[in-house]
Amino acid sequence: MISGRAWKFGDGIDTDVLAPGHYMKLPLEEAATHCLEAIAPNFAKEVRPGDVVVGGASFGIGSSREQAAQALKQLGVGAVLATSFARIFYRNALNLGLPALFFPQANEIRDGDAIEVDPVAGIVRSNGREFRVEPIPAHLMVMIEDGGLMPHLKKKLARA
Amino acid sequence: MGRTLTEKILARAAGKDAVAPGEIVTATVDLAMFHDSSGPRRVAPRLKELGARVWDPSKVVVVSDHYVPAVDPESAAILKLTRDWVREQGIGAFYDMQGICHVMLAEGGHLRPGLFCVGGDSHSTMAGAYGCYMAGFGATEMTGVMVTGDIWTRVPATIRVDWNGAFADGVVAKDVMLHLCRTLGMDNAFKAIEYGGDTVRAMSMSERGVLTNMAAELGAESAIIEPDDKTLAAIRAAGVAIDDEEALRWRSDPDATYEAVHRFNAADLVPQVARPHSPENSGPVAEANSARIDQAYIGACVGAKLTDLQMAARVLKGRKVAKDVRLLIAPSSRATTEAAAKDGTLAILTEAGAIVMPSGCGACAGMGAGVLAAGEVCISSTNRNFKGRMGHKDAEVYLGSPYTVAASAIEGRIADPRSYLQ
């Protein structure tokens, strides 16, 4: 169970605000301190482990840069919920072990709300309400249960 | 039951007779491309951790384009790491500062109809202009491809986008894509876009590449154009022998099922501009209200091919860039610069006051030269204008065609290029 505060964003949170291009040369720990700074200057400073990012449509639109998902994970974000995801961001997040769940009811959540997410069961709880969301597809759960794509590949290579 | 071209390629790559939208398949990769930013520096440490080598170096293309040429010790180290890794892995197809990855795939003769390709860059969709499937992926997934030679994907439903009729002079593929970003939106994840119609058939391969490139801005999985004589001619021009019959069989069936079919009339389109900070924030150039600019930028895979430079030259011939405006031009490849020098295009541009820069991703992704300061305004022939992408977060970027960028450079304000083409 992931439990923390909700950070609420609108539609079209793109990879350039998640991971600005001119910081991409820097090590992840430094690049992550600039995550979302263009629209939420306090985010990187104030986000706490287990907090949940809640977005609107096309979350993560833009570049294939994995640092967009990695920066959120580095800062301790427990899960990303959005009404829809850009496909590369969605795949990157799951490959890195950052749960990403389609959450059509994102507008029911306000910035700063306490929120709980169970990515395996597909349950979101907030403000005394429980929301059912589509669980992560079965073929991906195999990889996620291994801990992400890298541990999954290790296991696969060990078997070969 | 009829199948779309995208479904046929995925079925072939997955070793199946047929696949349907929504089905999850594991596809064998024919070609994997990555660049200096997403590639070796991020994939090599992971391969080392796994104790694995590249599954088939003959299927890998590496391009150094994001950090070229090096401007500081960090970018120099990234470029060196890329060179060293390519050598160590025995990868033959390596383009070091020769041009932008999506353009090099075409110039280098790596693309042909029916291939299933993956790229470590979101604009990998551009390759679909050659009738192949190509989608972008992150570095961990590209590591997976390097180890296994395959990747899972959910078969996308295909959206058909037809354009028919002739454009007015000064209206080009870039205007089509800015218009589509608004009309179709950017939330087409897990969909394939198939472009067709007589307008698309009449386009050069370079212009078709603009359509498939900016499918990334539509949020699409991939984009594709059925091959024809122009496709075959472009492949031959890159020095690759191709069997016409085998290549041209890669088409959608007449009774294929599309999730949606959108039809547009090319004659109705006027030059488009996307206002800050999203490509979908687009509309006729007049809606940009003649905004004042500090910089005009012609660059990127989508907007600095030879045809793009020629468009700019047509507008700028015998004219001058406005005082207090800088026009930067970063041709999309070394060969583009060479061709533009030979045919006189470069001379027209530099006489007008343009500054010619090295070939590479440059300012487009904020990693190379030509980025913006806080409060500065730029009109750009690139594909994205997200906040903070081209430099400071408080800069503003408008997107337009090379015609529109050139006309704006002359006026120092966002301008309609049509009056310069009469």
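Chain letters run A, B, ... following the sequence lines, proteins first and then strands; every chain starts at 1.
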Separation of B/His123 NE2 from A/Ser63 OG (nearest 0.5 Å):
9.0 Å

Decide side chain to side chain contact (heavy atoms under 4.5 Å, CB included) for B/Thr148 and A/Leu153; before the verdict, give the C-alpha distance in whole Å, the side-chain angles of both, and the deciding distance to 0.1 Å.
CA-CA 9 Å; B/Thr148 64; A/Leu153 286 171; 4.0 Å; yes

Does any backbone or side-chain atom of A/Leu157 lie under 4.5 Å from a heavy atom of chain B? Answer side chain, backbone, both or neither.
side chain

With a 4.5 angstrom heavy-atom cut-off, is it the side chain or the backbone of B/Ala216 that approaches chain A, or both, or neither?
backbone

Please look at B/Leu50 and chain A and tell me whether the side chain, the backbone, both or neither of the residue comes under 4.5 angstrom of a heavy atom of that chain.
both

Any residue of residues 92-99 of chain A which, by heavy atoms, sits under 4.5 Å from chain B
A/Asn92, A/Asn95, A/Leu96

Going from OG1 on B/Thr140 to CD on A/Glu66, what distance comes out if it is rounded to the nearest 0.5 angstrom?
3.0 Å

Which residues, numbered in order, of residues 17-26 of chain A come under 4.5 angstrom of chain B by heavy-atom distance?
A/Val17, A/Gly21, A/His22, A/Met24, A/Lys25

Any donor-acceptor pair under 3.5 Å linking the side chain of B/Arg384 with the backbone of A/Gly62?
yes

Identify which of B/Met390, B/Arg46, B/Met367 forms the greatest number of heavy-atom pairs closer than 4.5 Å to chain A.
B/Arg46

Could you pull out the closest heavy-atom pair between B/Asp187 and A/Ala57, with the gap in Å?
OD2-CB, 3.7 Å

Please classify the contact of B/Glu217 with chain A as side chain, backbone, both or neither, using a heavy-atom distance under 4.5 Å.
backbone

Please determine, among A/His152, A/Arg87, A/Lys156, the option with the most heavy-atom pairs under 4.5 Å with chain B.
A/Arg87

In terms of heavy-atom proximity below 4.5 Å to chain A, should B/Thr153 be classed as side chain, backbone, both, or neither?
both

Engaged part of B/Ser278 at the chain A interface, taking heavy atoms whose separation is under 4.5 Å
neither

Got A/Gln67 and B/Arg42 here, is their nearest side-chain heavy-atom distance under 4.5 Å?
yes

Where on B/Ala52 is there a heavy atom nearer than 4.5 Å to chain A: the side chain, the backbone, both, or neither?
side chain

Going from CG on A/Asp16 to CZ on B/Phe386, what distance comes out if it is rounded to the nearest 0.5 angstrom?
6.5 Å

Any donor-acceptor pair under 3.5 Å linking the side-chain atoms of B/Asp121 with those of A/Ser64?
no

Pairs of heavy atoms under 4.5 Å with chain B: top-ranked of A/Gln70, A/Arg91, A/Glu37, A/Arg65:
A/Arg91

Tell me, side chain or backbone of B/Asp394 under 4.5 Å from chain A's heavy atoms, or both, or neither?
neither

Can you tell me how far the CD1 atom of A/Ile39 sits from the NZ atom of B/Lys393, to the nearest 0.5 Å?
11.0 Å

Identify which part of B/Ile151 has an atom lying under 4.5 Å from any heavy atom of chain A, answering side chain, backbone, both or neither.
side chain

